[in-house]
Asker: 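Structure below; questions to follow.
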Amino acid sequence: MTAPDPEAYVEQVLSLVEQVPPGRATTYGALAAVVGWGGPRRVGAVMAQWGGGVAWWRVVRADGSLPPSHGLEARARYREEGTALLASGRVDLRRCGWWFDPDDADGPG
DNA sequence: GGGTTGACCAATG
DNA sequence: TCATTGGCCAACC
């Protein structure tokens with residue numbers, strides 16, 4: 001499986017994003033690592049095209065930040081979902097980081 | 001076939 | 001914490 005169809009790749013990425021529970025967030029690199037295909041940039045490209053149909057705000061960069069264009073929109077979601085935010089306006093991946101691990105017992109609280 | 005761009009990541013100062 | 005640099009792979013012209 002070294003040459004997956006672009007369609008399957010999108011389905012994989014979007015499926016994983018939908019698996020991220022509210023109040024949590026993951027990174028592009030994490031998604032790329034789970035799917036095992038392409039890289040973080042591939043995931044970003046998918047989100048830019050079909051990310052509008054999923055909780056794209058739960059997918060952030062490695063430092064917990066998001067594009068300024070969507071930063072404002074995302075912040076509104078975090079406030080409703082209770083996602084931990086930093087004073088810099090970034091997501092606190094230390095507490096809300098979602099790495100698709102079976103041991104997701106630890107929460108933001 | 002070559003140059004540029006992109007919802008990125010890690011290392012360095 | 002922020003800015004810079006190098007690497008990565010696919011899409012576009």
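Computed over heavy atoms, backbone and side chain alike; hydrogens, waters and symmetry mates excluded. All values reported here derive from a predicted model rather than from experimental measurement. Here is the naming used below: chain letters follow the sequence lines, and residue numbers restart at 1 for every chain.
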Asker: Nearest-Å distance, CD (Glu73(A)) to C1' (dA7(B))?
Answerer: 14 Å
Asker: State which of dC8(C), dA10(C), dC9(B) makes the closest approach to the side chain of Arg42(A).
Answerer: dA10(C)
Asker: Within the structure, does a side-chain N or O atom of Arg90(A) lie under 4.0 Å from either OP1 or OP2 of dT1(C)?
Answerer: yes
Asker: Taking the minimum atom-to-atom distance to the side chain of Trp56(A), which one of dC8(B), dA10(B), dA7(B) wins?
Answerer: dA7(B)
Asker: Quick check: does any side chain N or O of Gln49(A) sit under 3.5 Å from a backbone N or O of Ala45(A), one acting as donor and the other as acceptor?
Answerer: yes
Asker: Roughly how far apart, to the nearest Å, are dG6(C) and dA7(B) at atom P?
Answerer: 22 Å
Asker: Rounded to the nearest 0.5 Å, how far apart are CG of Asp92(A) and CG of Leu85(A)?
Answerer: 8.5 Å
Asker: Let's go through Tyr78(A) and Leu66(A) carefully: what are the C-alpha distance in whole Å and the side-chain angles of both, what is the deciding distance for side-chain contact (heavy atoms from CB on, under 4.5 Å) to 0.1 Å, and is it a yes or a no?
Answerer: CA-CA 12 Å; Tyr78(A) 300 144; Leu66(A) 231 67; 4.1 Å; yes
Asker: Taking N and O atoms by type only, does the side chain of Arg61(A) place a donor or acceptor under 3.5 Å from a partner on the base of dC8(B)?
Answerer: no
Asker: Give the rounded distance in Å between these two atoms: CG of Leu31(A) and P of dC9(C).
Answerer: 18 Å
Asker: Just by distance, with hydrogens left out, do Gln19(A) and Trp98(A) show a side-chain donor and acceptor under 3.5 Å apart?
Answerer: no
Asker: Rounded to whole angstroms, how far apart are CG on Asp63(A) and P on dA7(B)?
Answerer: 16 Å
Asker: How many whole angstroms separate atom CG of Leu72(A) from atom P of dA7(B)?
Answerer: 17 Å
Asker: For a quick check of understanding: with a heavy-atom distance under 4.0 Å over all strands, which category does Gly29(A) fall into, base, sugar-phosphate or nothing?
Answerer: sugar-phosphate
Asker: Rounded to whole angstroms, how far apart are CZ on Arg41(A) and P on dA10(B)?
Answerer: 14 Å
Asker: Ala62(A) near the nucleic acid: base, sugar-phosphate alone, or nothing, with a heavy-atom cut-off under 4.0 Å?
Answerer: sugar-phosphate
Asker: In whole angstroms, how far is the P atom of dC8(B) from the CE atom of Met47(A)?
Answerer: 11 Å
